[in-house]
Protein chains: 2
Amino acid sequence: MSNNADKPARGRPRTLQREHVLEIAVESYWTDGLTGVSIDEICRRAGVSKPGVYREFGNEDGLKQAALERYQSTILAPLADILTDDLSFDQALRKLTDFVLLDRKAHGLPAGCLQVATCRSKHTLGKRTRESVHKFGDQTLMGLEQWIDRAKSNREFAIEIPTRTAALYIDAQIATVMELQQQGVAQDELKRVFKLALTVFS
Amino acid sequence: MSNNADKPARGRPRTLQREHVLEIAVESYWTDGLTGVSIDEICRRAGVSKPGVYREFGNEDGLKQAALERYQSTILAPLADILTDDLSFDQALRKLTDFVLLDRKAHGLPAGCLQVATCRSKHTLGKRTRESVHKFGDQTLMGLEQWIDRAKSNREFAIEIPTRTAALYIDAQIATVMELQQQGVAQDELKRVFKLALTVFS
DNA sequence: AACTTAAAATACTGTAAGGTACTTATTTAT
DNA sequence: ATAAATAAGTACCTTACAGTATTTTAAGTT
């Protein structure tokens with residue numbers, strides 16, 4: 001978004017670090033919920049002034065949307081990759097399982113999933129954030145469908161299960177694990193639940 | 001909570017209809033979310049004054065807790081009954097399916113489940129509401145575990161699936177359907193997803 | 001050096017919402 | 001009839017917070 005050495009730039013140079021603010025915003029929304037942290041608080045945590053944030057992101061909806069997109073393109077990118085990389089169905093399922101069952105707490109990450117949490121607080125979202133979360137949700141579902149269709153054509157997947165149904169089911173199981181992890185369910189129990197969920201395909 | 005003709009009562013008699021306010025509160029929180037509707041708005045919808053609500057429920061946490069408990073004891077009671085009634089596992093599963101897949105929209109009810117929604121907005125809950133939602137969640141899980149254990153002893157349930165794992169799984173599948181229904185997924189698709197989820201037991 | 005441009009930060013405004021003080025009304029007790 | 005008790009309701013207080021006007025600062029331009 002900013003010009004790096006291209007244009008000399010006219011007035012006072014920017015010092016507000018968009019990336020830093022976004023990192024703080026992602027962590028804050030992820031940890032405290034989208035309605036659990038104010039812009040003032042994010043500014044305090046990031047060590048920036050409020051008008052700076054408004055100059056950069058427009059309004060609260062803009063900040064939330066940008067934070068969500070950053071979360072999608074960093075934290076959730078591996079998931080999209082698993083579905084598009086041309087792995088065998090079982091390999092992909094293993095990688096998916098590893099991704100979902102990652103012990104976020106042990107890695108210093110907040111529990112749960114910002115995408116899932118955002119999707120579930122539709123009532124309080126601005127327009128842009130809502131569109132963003134919806135778009136990504138649709139894309140993920142499409143990715144799952146294409147992945148399943150490929151598996152079907154490779155005879156790696158039970159043909160009698162409708163593709164969309166299977167995609168919705170897997171999507172839901174991923175969200176479920178994220179939820180349970182956030183609720184503090186032990187990792188080994190999570191693993192058993194997710195593995196049980198996957199037995200519908202074997 | 002109020003005395004029915006027992007004590008004569010001293011001062012001005014109550015006219016605030018606790019039950020009516022609770023109905024409105026349940027519907028409001030259910031429809032608009034626990035953070036999506038203010039006490040002012042609930043007062044307006046119920047046609048009562050704010051101090052009346054505070055006299056009756058103490059504070060917002062008290063109102064939310066009372067609304068949640070009412071939801072649990074009315075809307076969710078059938079679910080608890082299914083688990084404790086001494087049905088065969090398959091019969092119980094059929095009744096459970098009917099309950100979960102009830103087309104709430106077609107019955108003039110809000111979509112989704114207030115218990116699930118409340119459980120998922122822990123960040124913004126008061127102490128009493130949090131305790132209430134947690135307690136009911138635990139009870140439900142225990143009910144599921146006992147139901148599964150009974151089914152195991154009747155050889156109606158695969159012994160190799162740990163009881164707690166199965167209970168967490170079923171609980172999660174119910175919540176999933178509630179979520180998907182709230183998101184507007186078609187009823188027949190919902191049905192396919194839930195039936196697919198149940199195939200892990202057969 | 002004076003002027004222009006644009007970002008930084010302080011300090012402010014407006015509003016929504018939780019909660020309450022105070023007045024008014026309706027009952028029982030003496 | 002008067003007093004006591006207690007609920008009802010209006011009008012208010014306080015705070016949190018989204019958003020902004022205004023001033024200050026740091027650059028480029030002439």
Side-chain angles (χ1 to χ4, degrees), chain A residues 1-21 24-25 28-29 32-67 121 123-130, chain B residues 1-21 24-25 28-29 32-67 121 123-130:
Chain A
M1 204 60 75
S2 63
N3 27 358
N4 28 333
D6 203 355
K7 289 174 191 168
R10 190 65 193 282
R12 177 172 177 170
R14 298 205 158 203
T15 58
L16 183 138
Q17 308 221 354
R18 182 186 169 92
E19 290 309 300
H20 174 63
V21 174
I24 299 288
S28 295
Y29 288 134
D32 301 325
L34 282 160
T35 58
V37 61
S38 68
I39 292 191
D40 277 306
E41 179 61 19
I42 289 175
C43 289
R44 203 190 55 71
R45 291 180 190 176
V48 299
S49 73
K50 197 151 59 154
V53 168
Y54 277 84
R55 217 176 307 115
E56 189 68 33
F57 300 101
N59 56 19
E60 192 178 33
D61 188 27
L63 176 60
K64 285 185 177 175
Q65 194 258 358
S121 55
H123 290 298
T124 51
L125 297 180
K127 196 180 170 191
R128 297 176 59 191
T129 311
R130 204 173 328 120
Chain B
M1 204 58 74
S2 63
N3 28 357
N4 27 334
D6 205 355
K7 289 173 190 167
R10 189 63 193 284
R12 177 172 177 170
R14 298 206 161 203
T15 58
L16 183 136
Q17 308 221 357
R18 183 187 168 90
E19 291 308 300
H20 174 62
V21 175
I24 300 288
S28 296
Y29 289 134
D32 302 325
L34 282 160
T35 58
V37 60
S38 68
I39 292 189
D40 277 306
E41 179 61 19
I42 289 175
C43 289
R44 204 191 55 71
R45 291 181 189 175
V48 299
S49 72
K50 197 150 60 153
V53 168
Y54 278 85
R55 220 176 304 117
E56 190 68 33
F57 300 101
N59 56 20
E60 192 180 32
D61 188 27
L63 176 61
K64 285 185 178 175
Q65 195 258 357
S121 55
H123 290 299
T124 51
L125 297 179
K127 195 181 170 190
R128 297 176 59 191
T129 311
R130 203 171 329 119

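Every chain is numbered from 1, with letters handed out A, B, ... down the list of sequences.
Summary of the strand contacts: B:Gly11 and B:Gly58 both lie near DNA chain C, and taking for each the nucleotide with the nearest heavy atom, the more 5' one is attributed to B:Gly58. Of the two residues near DNA chain D, A:Pro13 and B:Pro13, the one whose nearest nucleotide lies more 5' is B:Pro13.
Using a 4.5 Å heavy-atom threshold, the side chains of A:Leu16 and A:Val21 count as touching. Residues B:Lys127 and B:Asp61 have side chains in contact (heavy-atom distance under 4.5 Å, counting atoms from C-beta outward). Taking the side chain as every heavy atom from C-beta outward, A:Ile42 and A:Leu63 approach each other to under 4.5 Å.
Atom OG in B:Ser121 sits 7.5 Å away from atom NZ in B:Lys64 (nearest 0.5 Å).
Atom CG in B:Leu16 sits about 17 Å away from atom P in D:dT6, given to the nearest Å. B:Asp40 has its CG atom 8 Å from the C1' atom of C:dG18, to the nearest Å. Rounded to whole angstrom, the span from the CZ atom of A:Arg14 across to the P atom of D:dG28 amounts to 16 Å. Separating the CZ atom of A:Arg12 from the C1' atom of D:dT24 is a distance of 8 Å, rounded to the nearest angstrom. Atom CZ in A:Arg10 sits roughly 7 Å away from atom P in C:dA6 (whole-Å rounding). Taking atom NZ of B:Lys64 as the reference point, atom P of C:dA17 lies 12 Å away to the nearest angstrom. The distance from atom CD of B:Glu56 to atom P of D:dG9 is 13 Å, rounded to the nearest whole Å.
For B:Ser28, the side chain to side chain donor-acceptor pair (under 3.5 Å) partners two or more places apart in sequence, or in a different chain, are B:Arg45. The side chain to side chain contact (heavy atoms under 4.5 Å, CB included) test applied to A:His20 returns A:Gln17, A:Ile24, A:Ala46, not counting sequence neighbours. The salt bridge (charged side-chain N to carboxylate O under 4.0 Å, His left out) test applied to B:Arg12 returns no partner, not counting sequence neighbours. In this structure, A:Asn59 has no side chain to side chain donor-acceptor pair (under 3.5 Å) partners at least two apart in sequence or on a different chain.
At a non-hydrogen distance threshold of 4.0 Å, A:Ser49, A:Pro51 from residues 41-51 of chain A come into contact with DNA chain C. Within residues 32-39 of chain B, the residues that have a heavy atom under 4.0 Å from DNA chain C are, in order of number, B:Ser38, B:Ile39.
Of all non-hydrogen atoms in B:Arg18 and B:Glu56, the two that sit nearest each other are NH1-OE2, 3.0 Å.
Nearest to the side-chain atoms of A:Tyr54 among the listed nucleotides C:dT27, D:dA18, C:dG18 stands D:dA18.
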